[in-house]
Enquirer: 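Let me give you the structure first, and then I'll get to my questions.
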Amino acid sequence: MQMNGAEILVKALADLGVDVVFGYPGGAVLNIYDALFGNTKVRHMLCRHEQGAVHMADGYARASGRTGVCLVTSGPGATNTVTGLATAYMDSIPIVVFTGQVPTLLIGNDAFQEADIVGISRPCTKHNYLVKDTKDLARIVREAFYIASTGRPGPVLGDIPKDVLISTAEYNLPKEVRLRGYHPNYEGHPRQVESAMRLLLSKERPVIYAGGGIILSNASEELAELARLLSVPVTTTLMGMGAFPGNDPLFLGMLGMHGTYTANMAISHADLILALGARFDDRVTGKIDEFAPHAKIIHVDIDPTSIQKNVPVDIPIVGDLKDVLRKMIRLVKGKKDAAAYRGKCSAWRQQLSTWSKTHPLTYKESKGKIKPQFVVERIREVTGGKAIIATEVGQNQMWAAQFYTYDKPRTFLSSGGLGTMGYGLPAAIGAQVAMPGTLVVDIAGDGSIQMNIQELATAVQYRVPVKVVILNNGSLGMVRQWQELFFQGKYSQTCLPHIPDFVKLAEAYGAKGFRATKVDEVAAVLKKGFAAEGPVLIDIVVDPAEMVYPMVPAGAPLTKMLLV
Amino acid sequence: MRHTIAVLVENEFGVLSRVAGLFSGRGFNIESLCVAETTDPGVSRMTIVTAGNDQIIEQILKQLNKLVPVLKVIDFTGTETVDRELVLVKVNADGDGKAEVLRLVDIFRAKIVDVAPRCYTIEMTGGEGKVSAFLQMLRPIGIKEIVRTGKVAISRGT
């Protein structure tokens with residue numbers, strides 16, 4: 001059947017099972033919006049900024065494991081997606097972004113609302129397309145979803161000129177994707193896996209260092225099984241929060257710059273590190289030359305470029321974590337060496353447990369002032385740990401990682417790699433759309449929330465009941481913290497004197513607003529706010545001087561932590 | 001260390017900038033890059049000369065392999081290859097210099113492809129060393145302009 005390009009796009013989305021598109025209309029995509037009008041399969045959610053739209057698609061993907069979709073117009077619409085694309089790219093999140101483009105004949109002419117978004121987005125997408133012919137459109141849409149969601153996931157962009165949307169072609173969505181140059185390797189090499197397990201079993205102080213890859217490959221159960229079979233302690237990266245149950249006795253907490261004393265000491269004293277879907281980010285390793293000085297390293301990742309990138313690896317394994325972990329489990333399950341190994345490492349676990357007892361994550365109470373960590377602990381209590389937590393970026397993000405226990409994967413959504421302020425609210429909305437029955441909370445700072453606060457309108461319009469908790473310290477807290485520690489307390493441009501009245505602002509948008517200024521109000525306000533219908537913003541005025549500890553100063557080894 | 005890398009890619013627009021962008025985005029340098037269609041019009045072949053330590057080269061090879069339109073990546077280091085460069089060089093050709101140019105063209109098995117009253121334009125192909133040696137011999141006579149293609153390489157045997 002002949003259809004125009006816009007109809008082909010919408011039908012392809014429906015046929016691929018896309019239920020929601022986050023977007024913002026404009027001249028170049030009018031035909032797509034016309035084709036979407038009245039469509040019952042593909043629901044469109046109108047955002048208030050294209051950056052918000054991409055983060056919503058991203059939050060939708062992180063919470064559900066499905067590919068998030070975003071639709072924007074050409075020029076400024078397209079360029080406004082760049083931060084969201086880079087965010088998803090750094091954290092390997094499967095999203096597909098469609099941008100409108102000026103008609104083919106005008107491309108390169110500096111036409112109205114023209115931007116070379118294929119060129120601009122090349123370094124921050126897994127792949128991108130400029131669709132030059134309507135008859136290629138369905139195939140490209142199919143390929144875009146395939147590339148975004150397979151191998152190491154990532155964002156894919158499809159740029160569609162207006163004439164391609166208007167011209168007609170036969171609708172033909174390929175059943176299979178064939179790309180000559182794209183063959184992700186899912187199966188870990190069996191002999192490499194065997195060598196890895198032999199090496200592991202020969203050591204006495206092992207640590208599993210798990211990253212976001214575990215969540216992306218849905219390998220949390222396998223991770224827990226392997227760790228428990230051998231009683232190997234587990235630390236996770238920020239992106240790996242929830243990959244391993246936070247309440248398991250083997251869990252050491254997060255490692256790195258704001259990681260726990262135990263996790264950082266464990267890495268520094270380990271004789272073996274089993275790195276799973278993590279990429280040795282500089283926020284994790286600290287001073288690279290002194291990272292894990294006594295350890296042999298086994299590194300499993302689906303992306304070969306992640307291996308040997310930052311640290312030398314003794315046994316590299318390229319493959320999907322689910323497959324590799326299953327192979328590892330098979331090698332030790334029911335075997336005598338597994339039980340012997342648990343015994344052999346008991347002194348190590350004892351040492352770790354001593355560190356945990358002497359240096360737990362903690363903060364100092366201060367009379368009359370609300371401590372942000374206390375707020376995060378209350379959020380955990382009030383939600384029973386069953387919420388999906390999105391965060392903004394900065395101190396709020398670190399406290400959310402440290403003081404809320406994540407028991408399940410896909411319950412902690414945060415911009416880890418890029419550190420995008422303004423991520424949390426739209427991501428929370430996207431997550432709430434994907435998981436309608438779940439309580440979704442954005443733990444925010446007063447700085448970050450102002451970067452995409454306009455998306456409250458989206459939440460109100462579609463009755464998306466996200467709850468935003470602002471840890472309001474009147475400043476850009478994390479930068480202020482660095483200025484305090486490393487710039488002699490000169491708070492250059494980090495105090496925010498003109499903070500809006502967030503409660504009134506929420507009400508102006510049609511959401512509900514609550515505030516707590518005293519310690520004994522916190523739990524009650526959270527309960528009230530979380531129980532209220534629809535989107536809610538809870539402003540909690542916290543101690544402005546509070547800092548995130550422990551902290552490894554940038555460039556220092558993990559053992560040189562500043563403690564509370 | 002210098003490496004010569006062959007990259008087979010889908011012959012479609014934008015591939016060159018994807019490959020070049022991969023280098024520039026990571027601060028790797030490209031010394032030379034040649035691209036043309038292969039026997040399959042759907043496939044182009046790039047020959048890239050770059051330099052770096054083992055870790056950098058490993059990253060370059062893996063990153064190239066990761067690009068969706070890249071079909072195959074071959075690092076020629078440590079393998080038997082035939083490689084050639086083409087140079088077009090415009091030299092002074094008046095007085096005694098004329099005879100010297102003709103002599104050098106003969107010795108280096110080059111070819112004069114354009115003649116003007118005061119200059120010759122010479123075409124020469126050869127390995128990098130031969131091209132450099134030829135240019136060095138021409139330099140005292142007076143080189144007006146040079147254009148070099150950069151290296152193309154193919155493995156020896158089947």
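Each chain gets a letter, A, B and so on, in the order the sequences are listed, and its residues count up from 1. These numbers come from the heavy atoms of this one structure, side chains and all, not from hydrogens, waters or symmetry mates. All of these numbers come straight from a predicted model, not from anything done at the bench.
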Enquirer: Between chain A and each of B:Glu58, B:Lys66, B:Gln55, count heavy-atom pairs under 4.5 Å; write down the option with the most.
Expert: B:Lys66
Enquirer: Any carboxylate oxygen within less than 4.0 angstrom of a Lys/Arg side-chain nitrogen, looking at A:Lys287 and A:Asp289?
Expert: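 No, this pair does not count.
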Enquirer: Side chain from CB out, backbone as N, CA, C, O: work out which of these in A:Arg122 comes under 4.5 Å of a heavy atom of chain B, or both, or neither.
Expert: side chain
Enquirer: So which atom in A:Met90 and which in A:Gly417 form the shortest heavy-atom distance, rounded to 0.1 Å?
Expert: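 Heavy-atom minimum between the residues: CE-O, 3.4 Å.
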Enquirer: Are there residues of residues 144-152 of chain A whose heavy atoms fall under 4.5 Å of chain B's heavy atoms? If so, which?
Expert: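 Those residues of residues 144-152 of chain A which have a heavy atom under 4.5 Å from chain B are A:Ile147, A:Arg152.
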Enquirer: Within residues 303-322 of chain A, which positions have a heavy-atom distance to chain B below 4.5 Å?
Expert: A:Asp303, A:Pro304, A:Thr305, A:Ile307, A:Gln308, A:Lys309
Enquirer: Taking the side chain as every heavy atom from C-beta outward, state whether B:Leu138 and B:Ile122 have any atom pair closer than 4.5 Å.
Expert: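 Sidechains of B:Ile122 and B:Leu138: in contact.
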Enquirer: By the side-chain hydrogen bond (donor to acceptor under 3.5 Å, both in side chains) test, which pairs, at least two apart or in different chains, include something from residues 103-120 of chain B?
Expert: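 The answer is B:Glu100-B:Arg103.
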Enquirer: Less than 4.5 Å to any heavy atom of chain A: does that hold for the side chain of B:Leu67, its backbone, both, or neither?
Expert: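 The answer is the backbone of B:Leu67.
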Enquirer: Evaluate the salt bridge (charged side-chain N to carboxylate O under 4.0 Å, His left out) criterion for residues A:Arg283 and A:Asp281: first the C-alpha distance (whole Å), next the side-chain angles of each, then the deciding distance (0.1 Å), finally the verdict.
Expert: CA-CA 5 Å; A:Arg283 281 291 187 271; A:Asp281 182 275; 6.0 Å; no
Enquirer: Below 30° counts as parallel, above 60° as perpendicular, anything between as tilted: where do the rings of A:Phe291 and A:Phe280 land?
Expert: perpendicular
Enquirer: The test is side-chain contact (heavy atoms from CB on, under 4.5 Å); show your working for A:Leu16 and A:Leu173 and say whether it passes.
Expert: CA-CA 9 Å; A:Leu16 289 168; A:Leu173 188 73; 4.2 Å; yes
Enquirer: How many angstroms lie between OG1 in B:Thr125 and NZ in B:Lys130, if you round to the nearest 0.5 Å?
Expert: 6.0 Å
Enquirer: Can you confirm if the aromatic rings of A:His127 and A:Tyr182 lie within a centre distance of less than 6.0 Å?
Expert: no
Enquirer: Could you check whether atom CG of B:Asn53 has more than 12 heavy atoms from other residues, nucleotides or ligands sitting under 6.0 Å from it?
Expert: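 Yes, CG of B:Asn53 has more than 12 neighbouring heavy atoms, counting only those of other groups under 6.0 Å.
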Enquirer: If you measure from NZ on B:Lys90 to CD on B:Glu145, what distance do you get to the nearest 0.5 Å?
Expert: 4.5 Å
Enquirer: Which residues in residues 7-35 of chain B have any heavy atom lying under 4.5 Å from a heavy atom of chain A?
Expert: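 Result: B:Glu10, B:Phe13, B:Gly14, B:Ser17, B:Arg18.
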Enquirer: Taking the side chain as everything from C-beta on, heavy atoms only, tell me whether A:Arg139 gets closer than 4.5 Å to A:Asp136.
Expert: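 Counting from C-beta outward, A:Arg139 and A:Asp136 do come under 4.5 Å.
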Enquirer: Below 4.5 Å from any heavy atom of chain A, which atoms of B:Val68 appear? Answer side chain, backbone, both or neither.
Expert: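 For B:Val68, the contact with chain A is made by backbone and side chain together.
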Enquirer: To check you understand the geometry: which heavy-atom pair defines the closest contact between A:Ile93 and A:Leu216, and what is its length?
Expert: CD1-CD2, 4.3 Å
Enquirer: Please find the pair of heavy atoms, one from B:Asp40 and one from B:Glu37, that lie closest to each other, and give the distance.
Expert: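 Heavy-atom minimum between the residues: O-CG, 4.3 Å.
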Enquirer: Test side-chain hydrogen bond (donor to acceptor under 3.5 Å, both in side chains) on A:Glu143 and A:Tyr129; report intermediate values, then the result.
Expert: CA-CA 10 Å; A:Glu143 285 178 11; A:Tyr129 291 92; 2.7 Å; yes
